[in-house]
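For reference, the structure is listed below as structure tokens.
Side chains included, hydrogens not; waters and symmetry mates left out as well; all remaining heavy atoms used. Below, chain A is the first sequence line, B the second, and so on; all start at residue 1.
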Number of protein chains: 2
Amino acid sequence: MKKTKDILENNGINPSYQRLIIYKYLKENQIHPSIDRIYNDLKNTNPTLSKTTVYNTVKLFCEKDLLLRLHCDDKQMRYDINTHDHMHFKCTKCGKLYDINLENNLFDYDYIDNHKINYVHIGLKGICKNCLSDKKD
Amino acid sequence: MKKTKDILENNGINPSYQRLIIYKYLKENQIHPSIDRIYNDLKNTNPTLSKTTVYNTVKLFCEKDLLLRLHCDDKQMRYDINTHDHMHFKCTKCGKLYDINLENNLFDYDYIDNHKINYVHIGLKGICKNCLSDKKD
DNA sequence: TTGCATAACTGTAAAAATTACAAAAATATT
DNA sequence: AATATTTTTGTAATTTTTACAGTTATGCAA
């Protein structure tokens, strides 16, 4: 288990107290949280934390490729610390967001139409298994 | 060539003047425009058009599946009238958004992990061919 | 045609998310 | 210890989107 401090330092990030607790929160709560969610969950134990710091820190993590920006269909941006290849499934009924593993390398193109491909995101939408089993309508 | 009026009516939309010009604009300008772009381009010829009407109309088209909401990495939502299966490629250098055709049916799963799949979006990022050929740095 | 009911449009105001910024606090350096 | 640099904080400003209420347009019956 790598130390959070080392992870940040290896990625060129000065491991301040706020950066450490935010990174740890993201690792321990892989729920694709929004800024607001991160802020509200952390301010209980860290009353002096500022929402601007959360914005700044999350932006920094994204720039260093430690964190991924996730567009749900919500208004708020959400963030994903899971760095393994995976897809996202959003239930259009209950709104829950699921991680789906990418077994086979569906996408290992280096180039498509002469564009260099660096990153692929696959987003799925539909009705999740829980909503399907609720045969209430 | 189908008449815009018929397309709207066939989808249960009352073809008002504003809805017609907005639909025609989207068909003739497949540039994934934002609300702002649509509004600004149309208000030249339609000075009384309200931005709220653009919001309302675009929302209606999306609900009727005539139009797709597209999350770029910009702040503004963008909209896509191209209803054929295709992917999107965003150049992280110049910011341009390209349509990429989906030749093979990469994704024809009905269910994954017992979730019913209704819609798939594949988003690619990288450096586009134009930026690649600009060997200026 | 006239009057009435419904639908659509408009513009302003409000809400929500994000960014800018400057002062304060913490940390590092000389 | 004094100074310089980095980080954090809180407020204000900006931006996008939504709510809403009044106005205008449209459809329909008498």
Side-chain angles (χ1 to χ4, degrees), chain A residues 4-5 8-9 11-26 32-64 66-80 95 97, chain B residues 4-5 7-9 11-26 32-64 66-80 95:
Chain A
T4 304
K5 190 165 172 289
L8 295 189
E9 280 175 345
N11 284 277
I13 296 171
N14 195 349
S16 73
Y17 176 75
Q18 285 85 347
R19 287 169 183 168
L20 285 170
I21 61 166
I22 291 173
Y23 189 87
K24 275 183 201 156
Y25 173 85
L26 291 168
H32 315 98
S34 62
I35 294 285
D36 231 60
R37 182 73 192 269
I38 301 170
Y39 171 69
N40 281 304
D41 285 354
L42 281 176
K43 89 175 164 195
N44 297 322
T45 41
N46 303 272
T48 68
L49 183 66
S50 158
K51 197 183 269 188
T52 300
T53 299
V54 181
Y55 271 107
N56 290 340
T57 304
V58 159
K59 192 180 175 192
L60 180 67
F61 289 171
C62 287
E63 283 164 2
K64 300 293 184 181
L66 287 177
L67 192 60
L68 228 54
R69 290 158 61 87
L70 259 199
H71 296 273
C72 278
D73 253 347
D74 307 326
K75 274 176 246 164
Q76 297 177 122
M77 187 69 69
R78 293 171 68 172
Y79 298 90
D80 186 354
L97 191 64
Chain B
T4 304
K5 191 167 171 289
I7 298 172
L8 295 189
E9 279 175 344
N11 285 276
I13 296 171
N14 195 350
S16 72
Y17 175 75
Q18 286 84 348
R19 287 168 183 170
L20 286 169
I21 60 167
I22 291 172
Y23 190 87
K24 276 183 201 157
Y25 173 85
L26 290 168
H32 316 96
S34 63
I35 294 284
D36 231 59
R37 181 75 191 268
I38 301 170
Y39 171 70
N40 280 303
D41 285 352
L42 282 175
K43 90 176 161 191
N44 297 322
T45 42
N46 303 272
T48 68
L49 183 66
S50 159
K51 195 182 271 189
T52 301
T53 299
V54 181
Y55 271 106
N56 289 340
T57 304
V58 159
K59 191 180 177 192
L60 180 66
F61 289 171
C62 287
E63 283 165 2
K64 301 293 185 179
L66 288 176
L67 193 59
L68 227 55
R69 291 158 60 89
L70 259 198
H71 296 275
C72 280
D73 254 347
D74 306 325
K75 273 178 249 165
Q76 296 178 123
M77 187 69 69
R78 293 171 69 171
Y79 298 91
D80 186 353

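Summarising the geometry, the separation between OH on B/Tyr17 and P on C/dT10 is reported as 10 Å, rounded to the nearest angstrom. As rounded to whole Å, 12 Å separates atom P of D/dT18 from atom CG of A/Asp74. What separates NZ of B/Lys43 from C1' of C/dC9 is a distance of 17 Å, to the nearest Å. The CD1 atom of B/Ile22 sits 10 Å away from the C1' atom of C/dC9 (whole-angstrom rounding). For the pair A/Leu42 CG and D/dT8 C1', the computed distance is 15 Å after rounding to whole Å. Straight-line distance from the CD1 atom of B/Ile21 to the P atom of C/dA8: 16 Å, rounded to whole Å. Rounded to whole angstrom, the span from the CG atom of B/Asn46 across to the P atom of D/dT24 amounts to 19 Å. Atom CD1 of B/Ile13 is separated from atom P of C/dA7 by 15 Å (rounded to the nearest Å).
Within 4.0 Å (heavy atoms only), A/Ser34 reaches no atom of the nucleic acid at all. Note on B/Thr53: a base of the nucleic acid sits closer than 4.0 angstrom, heavy atoms only.
Checking the phosphate oxygens (OP1, OP2) of C/dC9, a side-chain nitrogen or oxygen of B/Ser16 falls inside 4.0 Å. Regarding contacts with the backbone of D/dA25, every side-chain N or O of B/Gln18 stays at 4.0 angstrom or more from both OP1 and OP2.
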(request) Assess whether side-chain contact (heavy atoms from CB on, under 4.5 Å) is satisfied between B/Asp73 and A/His71, documenting all intermediate values. (result) CA-CA 8 Å; B/Asp73 254 347; A/His71 296 273; 2.7 Å; yes
(message) Please determine whether side-chain contact (heavy atoms from CB on, under 4.5 Å) holds for the pair A/Leu97 and A/Leu70, giving the CA-CA distance in whole Å, both sets of side-chain angles, and the decisive distance to 0.1 Å.
(response) CA-CA 11 Å; A/Leu97 191 64; A/Leu70 259 199; 3.9 Å; yes
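Proximity of A/Thr57 to A/Phe61: side-chain heavy atoms (C-beta onward) are separated by under 4.5 Å at one or more points. A/Tyr79 is not listed as a side-chain neighbour of A/Arg37, based on a closest heavy-atom distance of 4.5 Å or more.
Residues B/Tyr39 and A/Asn14 each lie close to DNA chain C; by heavy-atom proximity, the contact nearer the 5' end of the strand is made by B/Tyr39.
Identified under the salt bridge (Lys or Arg N to Asp or Glu O under 4.0 Å) test for residues 48-62 of chain B, with sequence neighbours left out: B/Asp36-B/Lys51.
Listed here is the closest heavy atom pair of B/Leu49 and B/Tyr39: O-CE1, 3.4 Å.
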Below 3.5 Å is the cut-off: list the nitrogen or oxygen pairs between protein and nucleotides 15-21 of chain C, distance only.
from   : atom 1 : to      : atom 2 : distance (Å)
C/dA17 : OP1    : A/Gln76 : OE1    : 3.3
C/dT18 : OP1    : A/Met77 : N      : 3.2
C/dT18 : OP2    : A/Tyr55 : OH     : 2.8
C/dT18 : O5'    : A/Tyr55 : OH     : 3.4

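Using a distance-only test at 3.5 Å, with no hydrogens or angles considered, a donor-acceptor pair links the side chain of A/Arg19 to the main chain of A/Asn14.
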